[in-house]
Amino acid sequence: MLGPSDSAARTSARFVCDFEPGTLISALIGEVRVGACHTVVDTGAGYRLRVGFMCGRYALPVDRDALGIYYEAWARDTAELAPNFNVAPTSSAYVVDEKGENRKLRVVSWGLVPRWAKDTSMQAKMINARSETVSEKPTFRDSFKESRCIIPALGWYEWQRAETSKTPFFHKMDSEPFVSMAGLLSAWKNPSTEEWLFTCAIVTRPAIDSLAYIHDRMPVLLEPKDFSLWLHGTTSEADALILKQPSGIQAYEVSSLVNATKNNDPTLLTPVNG
DNA sequence: CCAGACGTTGTT
DNA sequence: GTCTGG
DNA sequence: CCAGACGTTGTT
DNA sequence: GTCTGG
């Protein structure tokens, strides 16, 4: 059982709690069930549970053709996007999808608009879809069943929160050129203009232990050998891929320049000595 | 029947 | 579109 | 995700 | 505090 003196556990262990988030747990710490998702912060006045952050920004400073080759996807007809070190919600982004035998690279807007939406006002909040509930939620379930995609990135950013600070980290693969995030794709027809808008969301999961000191959630990551199954497998097969434990991820602190979306250059990826 | 929601993360 | 609440 | 705005009337 | 824009 974790105690206040267990400093290693304070920085890296994760917990499930049975009480209201934010409750001071100095008197309750003996009752915390170790298992997932929360870190303990010493506030001086006691111990507080803290949750981490989620993938709300990523980098894709890569051209269309490199993605087409890596993902074995048709990219010749895809619009060229500028290299982007700071992809934000509602930004244009590349995804890989597969209709029948045709795997192609597609330009979409990040933040899923379900096909029945009246407008795009909720888009910026729909950047993540929890894997635990994605097959049930009205906003995501149709896309999960019929229109899964891969969202490529060089890596993703997370902000580690402390009592008075927030520190961005960049996450990338050790030995793959890209992070392949499990995604959902949706096509929405604007009722006014009759134009189609393609949008996507990143499927998320609890963070693996080695990343828990930064945040408690992470994207579902796909291995190259599983790309096809994610894109056209059954929902059961997709569920199985969600449950796989990812590995080979490195994370390092970066400059808070990334906070402002107007900043968009290679220095955002430069490691900071923490 | 119609009206209204439909989501995630992190806050206290 | 589809489900829940009134 | 973070940064930045947060308003009206009347005018072109 | 909460919403919009990037």
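Order of the sequence lines fixes the chain letters, A, B, ..., with proteins taken first and strands second; residue numbering starts at 1 for each chain. All values below come from the heavy atoms of this structure, side chains included, with hydrogens, waters and symmetry mates left out.
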Self-check item: Distance in angstrom units between E146(A) CD and dT2(C) P, rounded
Solution: 11 Å
Exercise. Indicate whether Y157(A) forms a stack on dC1(D); treat it as stacked only if centroid distance is below 5.5 angstrom and interplanar angle below 30 degrees.
Key: no
Quiz item: What about T90(A): does its side chain form a donor-acceptor pair under 3.5 Å with the base of dG6(E)?
Solution: yes
Practice problem: Considering only atom P, compute the distance from dT9(D) to dC2(B) and round it to an integer number of Å. | Solution: 36 Å
Exercise. Quickly work out the N259(A) CG to dC2(D) C1' distance and round it to whole Å.
Key: 6 Å
Quiz item: Side-chain donor-acceptor pair under 3.5 Å between S180(A) and Y71(A), yes or no?
Solution: yes
Quiz item: Does a sphere of radius 6.0 Å around CD in E80(A) hold more than 12 heavy atoms from other residues, nucleotides or ligands, not counting ones at 6.0 Å or beyond?
Solution: yes
Practice problem: Determine the Euclidean distance between corresponding P atoms of dA5(B) and dT4(E); express it in Å to zero decimal places. | Solution: 15 Å
Self-check item: C1' gap between dT8(B) and dC1(D), integer Å
Solution: 11 Å
Exercise. Tell me yes or no: between the side chains of R103(A) and S228(A), is some donor less than 3.5 Å from an acceptor?
Key: yes
Quiz item: Is any side-chain nitrogen or oxygen of S121(A) closer than 4.0 Å to OP1 or OP2 of dC3(E)?
Solution: no
Exercise. Would you please confirm or rule out a distance under 4.0 Å between OP1 or OP2 of dA3(D) and any side-chain N or O of K166(A)?
Key: yes
Quiz item: Between R57(A) and dC2(D), is there a side-chain N or O to OP1/OP2 distance below 4.0 Å?
Solution: no
